Protein chains: 4
Amino acid sequence: MLDAAVLTFARRGYRAASMDEIAEVAGVSKPLVYLYLNSKEDLFSAVIRRESAALVAALTAAVEPGAAADRRLWSGLKGFFSHTAEHPDSWAVLHQQARTHGEPFAREVAAMRAEIAEFVTDLIGAAAKEAGCAGELAEREVAGVAHALIGAAESLAEWANARTDEGASGEWEHSSAKDTAATMMNFAWAGLGRLMGGARWTPGGLVDRVGPPGAVG
Amino acid sequence: MLDAAVLTFARRGYRAASMDEIAEVAGVSKPLVYLYLNSKEDLFSAVIRRESAALVAALTAAVEPGAAADRRLWSGLKGFFSHTAEHPDSWAVLHQQARTHGEPFAREVAAMRAEIAEFVTDLIGAAAKEAGCAGELAEREVAGVAHALIGAAESLAEWANARTDEGASGEWEHSSAKDTAATMMNFAWAGLGRLMGGARWTPGGLVDRVGPPGAVG
Amino acid sequence: MLDAAVLTFARRGYRAASMDEIAEVAGVSKPLVYLYLNSKEDLFSAVIRRESAALVAALTAAVEPGAAADRRLWSGLKGFFSHTAEHPDSWAVLHQQARTHGEPFAREVAAMRAEIAEFVTDLIGAAAKEAGCAGELAEREVAGVAHALIGAAESLAEWANARTDEGASGEWEHSSAKDTAATMMNFAWAGLGRLMGGARWTPGGLVDRVGPPGAVG
Amino acid sequence: MLDAAVLTFARRGYRAASMDEIAEVAGVSKPLVYLYLNSKEDLFSAVIRRESAALVAALTAAVEPGAAADRRLWSGLKGFFSHTAEHPDSWAVLHQQARTHGEPFAREVAAMRAEIAEFVTDLIGAAAKEAGCAGELAEREVAGVAHALIGAAESLAEWANARTDEGASGEWEHSSAKDTAATMMNFAWAGLGRLMGGARWTPGGLVDRVGPPGAVG
DNA sequence: GATGAATGAGATTTCATTCAT
DNA sequence: TATGAATGAAATCTCATTCAT
């Protein structure tokens, strides 16, 4: 029943998806939907919660627990892109619908994002420690970078899905998730490394405010 | 009148925003809205086009023409974050509403995004030349990176706006735009430099001059 | 200005014809229409009155004053069919629109019909006298026959116009009006003659209740 | 529910009849009307079809199958006038509204009219054979006469209804239908007889066996 | 437990009509 | 005189939601 809701919300959007259609897609009668899930809002919330949890679970399950920070990020990204590629409707609901139809729903997605942000933040902290991190990273700066990273990943996920829609599906998806994750790593890891090394970009060029010398000009 | 529409669409969402409310906010009668803008769809399109153009104009105006690539990106980002911070409703409409309510609207935003993507792509090309770019960047890789960068910026803009809503406004905004742009530079510039230098991340660590791009194990 | 109204009412119908369109067709501004004719209802009334008068005038002008009754009917019918063929929009307004959009308008057409009915009634009276009419024709019977005759003519006019729309126009119209009038005469005149002769149809066959013998079996 | 629609369409006209009023008259809520009949157009179509069928059925049922042509016409007319007198709203919808509000509806009435016209045409053919018909009736002439006859009957039906509205109702209606049918027979039958006998009216008077029909001077 | 049948509230859109100039 | 600009009122249609069974 929630599956039907995910599908319909993704295809039609929150407002345009009618309870009639959801019930029909689910193969049950409308009053039954109201019996189990009290209202359209509740139904949408339930959908968001379930899909959020599934995405977070996929991400969490994908990371290799004891590995180095870069490998943990790499495997997490692979998990994320695989999941969004394999469940495009779910991703569409979370990424597009849930954030555009009122505060209550947006908050639920924000919570999911916060969870992922925490995962990324921890990762950065671990990486800093591994790197014998010289510079102390301001909490606000780390949060900003985490959000940037997440946003980049989301954007890439959407872009990859759009490309997949046009082309074939199936086996390709898997390799696509890997490629996308690689692009993310190439884009993000060097910047993270620099940051942890204490280097900062300024209008005058990259400078090393703290830590061992050796900054790139 | 378009201002009222921007405000209402941002606060309520496309579907939930009623023409009644828009007219009321605009301080005119509903038939007048229909006289000038033929339908709700047309009104939304007009809003999207105006706000898109404004955002692109702000970005374009902000970038320093003859400067080095990093400064160009830096100034462009400042322009972008300033505009999104000063016009949060406009940004909400473009980023959240316009992309989730039907192909026609999504296409208009996609066009704007493509324009920005081209700006970023050009920038990457220029930076590569400046850096005496060793590696040849595959077109698809550049496109991916551009999308990642844009997504990161969008995400940061949203994040910054959300923080601003809670805190004070005014002067802080300006510095906030600068801070956000700095975060973006720190996050993105080093990664771009690496990439242009031909370095690639692989599961085994960073390597220089690996084979054809996209062939990660 | 009334011409524009006739055209628009005929093409669109009373309700679907908007004052905007009428004003545009007339080549004047809407307030001007309201200045001369106070409201849509008044405008429609004015149209009906003018077209009614024109039709009655055409009919009246067509009859040969001193001729025998059958020639008077014949010439009147020719006038009627010519007018309706030459002014199809006018006829459409009178025959179709005016009778279907509320009592007030229907009354105006009823008045025109009454005028024509009187013309026919007089004619029947004259014919009766000419024929040395034996039977006294009940007033109600004459009225009924007059309405039947008018209805038949109206139906033929519509039918003829519909055929003309499909085929060519111009010269043909005139001969068509003659043909149609001839059909009417062939259909109606014999019946009228019988009636005036006092013959009546009964379930048992035609009987001569009054007057000279010689009824057709 | 269709009854309510018939009543309202007849009283107000197609455009002026609001779905609100129809629902109220039917004693149900508006959405229910839309549930059973999808739109105002569909509702009107359904009404036209039902009332058309009822009228044709009444006419068909009334005619005595094996009787002579004049009796068949007589009984058919009685059936027609009885039905229109007993269901004045139905008749108003068919005769006035359905023909003036757009092609789709007009076509449905035209189909009904065609059915009746065929009945009349057959009748004329039968009468011609019975009368040992001398003259060959041109197809176009027969069609014209059939339309004239139908128009006369329609006009009489309307006239009779208008008179009934003013006067009393009940028993009188029945005798009225008979009277009206008698008027029609008196008006039409003699003319038909003449026509079948080959007689034609010309501006010079009635002549027998003139040349090809339609060639009046 | 499950549903067919029904509705209140509200959406977009149109149009006859009027001022201020 | 003539009109550009504006609106009150009402139309069709949709949908989340609920009883009676």
Side-chain angles (χ1 to χ4, degrees), chain A residues 1 5 8 12-24 26-44, chain B residues 1 5 8 12-24 26-44, chain C residues 1 5 8 12-24 26-44, chain D residues 1 5 8 12-24 26-44:
Chain A
M1 202 148 95
T8 310
R12 301 258 188 265
Y14 175 61
R15 291 293 292 249
S18 73
M19 295 298 267
D20 274 290
E21 185 174 359
I22 292 171
E24 195 193 19
V28 298
S29 75
K30 210 175 4 165
L32 197 58
V33 178
Y34 278 90
L35 191 66
Y36 283 81
L37 300 142
N38 290 321
S39 67
K40 197 186 187 183
E41 290 200 0
D42 285 2
L43 169 57
F44 196 42
Chain B
M1 204 147 94
T8 311
R12 301 260 189 263
Y14 175 61
R15 294 294 292 254
S18 76
M19 294 300 265
D20 273 290
E21 185 175 358
I22 292 171
E24 196 190 22
V28 298
S29 72
K30 207 174 10 161
L32 197 59
V33 179
Y34 277 91
L35 190 65
Y36 284 84
L37 301 144
N38 294 319
S39 67
K40 198 184 187 183
E41 287 200 3
D42 283 4
L43 170 57
F44 197 41
Chain C
M1 201 147 95
T8 310
R12 301 257 189 268
Y14 174 61
R15 291 294 292 248
S18 73
M19 295 299 267
D20 273 290
E21 184 173 0
I22 291 171
E24 194 192 20
V28 299
S29 76
K30 211 176 3 165
L32 198 59
V33 179
Y34 277 90
L35 191 67
Y36 283 82
L37 301 141
N38 291 320
S39 67
K40 196 184 187 184
E41 289 199 359
D42 285 1
L43 169 57
F44 196 41
Chain D
M1 204 148 93
T8 310
R12 300 261 189 263
Y14 175 60
R15 293 293 292 255
S18 76
M19 296 300 266
D20 275 286
E21 185 174 358
I22 292 172
E24 195 190 24
V28 298
S29 72
K30 206 178 5 162
L32 197 58
V33 179
Y34 278 91
L35 190 65
Y36 283 84
L37 301 143
N38 293 318
S39 66
K40 199 184 185 183
E41 287 198 4
D42 283 4
L43 170 56
F44 197 40

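Side chains included, hydrogens not; waters and symmetry mates left out as well; all remaining heavy atoms used. Per chain, numbering begins at 1; letters A, B, ... match sequence-line order. As the structure is a prediction and not an experimental result, all values here were calculated from the model.
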Please report, rounded to the nearest Å, how far the [atom2] atom of [N] is from the [atom1] atom of [X].
X        : N       : atom1 : atom2 : result
Glu21(A) : dA16(F) : CD    : P     : 10 Å
Asp42(C) : dA16(E) : CG    : P     : 14 Å
Leu32(B) : dG8(F)  : CG    : P     : 11 Å
Glu41(D) : dA11(F) : CD    : P     : 17 Å
Leu37(C) : dA16(E) : CG    : P     : 14 Å
Met1(C)  : dT3(F)  : CE    : P     : 11 Å
Tyr34(A) : dA5(E)  : OH    : P     : 18 Å
Asp20(A) : dT14(F) : CG    : P     : 12 Å

Heavy-atom closest contact ([X] atom, [Y] atom, distance):
X        : Y        : answer
Arg15(C) : Ala16(D) : NH1-CB, 3.2 Å
Thr8(A)  : Glu21(A) : CG2-CD, 3.9 Å
Met1(D)  : Val28(D) : SD-CG2, 4.1 Å

Tell me, with the steps shown, if Met19(A) and Tyr34(A) meet side chain to side chain contact (heavy atoms under 4.5 Å, CB included).
CA-CA 9 Å; Met19(A) 295 298 267; Tyr34(A) 278 90; 3.5 Å; yes
Whichever of Pro31(C) and Asn38(D) has its nearest DNA chain F nucleotide further upstream toward 5':
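Final value for this comparison: Pro31(C).
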Which comes earlier along DNA chain F counting from the 5' end, the contact point of Ser39(D) or that of Val28(C), where each point is its nearest nucleotide?
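Closest to the 5' end, via its nearest nucleotide, is Val28(C).
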From Lys30(B) atom NZ to Ile22(B) atom CD1, the distance as rounded to the nearest 0.5 Å:
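The distance works out to 11.0 Å.
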Assign each of Ser29(D) and Lys40(B) to its nearest nucleotide of DNA chain E by heavy atoms, then name whichever residue's nucleotide is nearer the 5' end.
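Here Ser29(D) is the residue nearer the 5' end.
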In the strands shown, is dT13(E) matched to any nucleotide by a Watson-Crick or G-U wobble pair with both distances under 3.5 Å, and which?
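Checking every strand shown, dT13(E) finds its partner in dA10(F), with both distances under 3.5 Å.
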Look through every strand shown and name the nucleotide pairing with dA20(E) as Watson-Crick or G-U wobble, where both distances are under 3.5 Å.
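The base-pairing partner of dA20(E), which may sit in any strand shown, is dT3(F).
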dA6(F) phosphate, OP1 or OP2, under 4.0 Å from Tyr36(B) side-chain N/O
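Yes, because at least one side-chain N or O of Tyr36(B) sits under 4.0 Å from OP1 or OP2 of dA6(F).
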Classify the side chain of Lys30(B) versus the base of dT7(F) as yes if they form a donor-acceptor pair under 3.5 Å and no if they do not.
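No, no donor-acceptor pair under 3.5 Å.
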Nearest listed nucleotide, side chain of Ser18(D), among dT12(F), dT12(E), dA6(F)
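Of the candidates, dT12(F) comes closest.
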From the set dT3(E), dT1(F), dT7(F), return the single nucleotide nearest to any side-chain atom of Leu35(C).
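Among the listed nucleotides, the one closest to the side chain of Leu35(C) is dT1(F).
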For a quick check of understanding: with a heavy-atom distance under 4.0 Å over all strands, which category does Ala17(D) fall into, base, sugar-phosphate or nothing?
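Sugar-phosphate only.
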